[in-house]
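Down below is the structure, laid out as structure tokens.
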Amino acid sequence: MDLTVLVEVVRAAHLTRQVFRTVPAGFDKGMKTMRHPTWTGAASAVLVLVSAVGLAGCGDDSAATAGANGAGKGTTSAGASAPAADHNEADVAFASHMILHHQQALQMSGMAKWQATSAQVKQLAAAITTAQEAEMKQMSGWLTGWGEPVPAASHSGHAMEDEIPGMMTEDEMHELGKTKGSMFDRVWIQMMIKHHLGALTMAKAEQTGGRSPAATTLANRITTAQTAEIATLNRLLAQLPTA
């Protein structure tokens with residue numbers, strides 16, 4: 001208990017005792033205990049007052065503690081929901097679709113590693129693999145943090161072609177796998193240009209509709225990188241034999 005409060009309680013008890021002593025003897029003959037009060041009575045009054053003040057103090061402390069705990073829980077809850085406020089559906093669609101898009105690009109680059117005849121095509125395919133594997137890992141981390149499913153590795157199909165810009169169909173991927181020699185280089189370059197143009201479309205949608213700063217930053221980086229790669233692909237295409 002606060003020392004100041006204790007002093008005030010004792011002072012009140014002392015005054016009570018003085019009042020008891022000054023009660024006239026004839027005030028009420030039947031109330032002897034009031035004409036001659038003892039310090040025990042005054043002490044009892046003090047104990048009652050101290051108990052009341054103590055209980056009040058405990059009540060205040062409990063309320064304060066509960067308030068503090070409540071505030072802490074509120075802060076934790078707000079902190080946990082903060083990441084969700086940093087993204088929207090456009091961000092989720094961008095990350096989910098771009099992961100699938102990158103998966104197909106990695107399949108195509110894997111083919112180029114073994115089937116391409118041009119060293120420059122193989123070098124570009126290796127660079128695409130390195131860059132897009134890192135981007136897939138980054139986007140998978142976002143989806144996990146947002147509580148969204150991470151797309152599993154899968155082969156491209158007609159459904160993906162309709163939903164995700166630039167995706168090759170299963171038939172196109174199958175035909176690419178069967179192509180040999182310099183014709184493979186040509187078809188691969190043409191397909192990768194189409195694939196990159198689809199990525200630019202997706203990146204633009206994220207730039208205009210996304211909320212996540214990290215996602216829009218990646219969209220900007222994809223736009224810059226793949227625009228440069230399209231220029232390289234066109235240059236390589238022009239260097240290939242016509243027949």
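For the single chain, residues carry numbers from 1 onward in sequence order.
P241 approaches R186 most closely through the heavy-atom pair O-NH2, 2.7 Å. Between S109 and M192, the shortest heavy-atom distance links the atoms OG-CE, 4.1 Å. Of all heavy-atom pairs between G166 and Q104, the closest is O-OE1, 4.4 Å.
The local environment of CD in Q190 is crowded, with over 12 non-hydrogen atoms from other residues, nucleotides or ligands closer than 6.0 Å. The local environment of CD in E89 is sparse, with at most 12 non-hydrogen atoms from other residues, nucleotides or ligands closer than 6.0 Å.
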(request) For the pair M98 and E135, evaluate side chain to side chain contact (heavy atoms under 4.5 Å, CB included) and give the outcome as yes or no after the intermediate values. (result) CA-CA 9 Å; M98 193 63 80; E135 291 169 357; 5.8 Å; no
(message) Before you tell me yes or no, could you show the steps for S212 and F94 under side chain to side chain contact (heavy atoms under 4.5 Å, CB included), namely the whole-Å CA-CA distance, both residues' side-chain angles and the distance that decides it to 0.1 Å?
(response) CA-CA 11 Å; S212 167; F94 170 72; over 6 Å; no
(request) Mind running side chain to side chain contact (heavy atoms under 4.5 Å, CB included) on H87 and V92 for me, showing each step along the way? (result) CA-CA 8 Å; H87 77 283; V92 174; 3.7 Å; yes
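To the nearest 0.5 angstrom, K122 atom NZ is 8.0 Å from T117 atom OG1. Between the NE2 atom of H102 and the CD atom of E133 there is a distance of 10.5 Å, given to the nearest 0.5 Å. One finds the CG atom of L233 at 5.5 Å from the NE2 atom of H196 (value rounded to the nearest 0.5 Å). Here the straight-line distance linking atom CD of E206 with atom CD1 of I222 works out to 9.5 Å at 0.5 Å rounding.
Between K194 and E172 there is a side-chain heavy-atom pair separated by less than 4.5 Å.
Formation of a donor-acceptor pair under 3.5 Å by the W188 side chain with backbone atoms of M108 is found in this model. Between the side chain of D185 and the backbone N or O of L236, no donor-acceptor pair lies under 3.5 Å.
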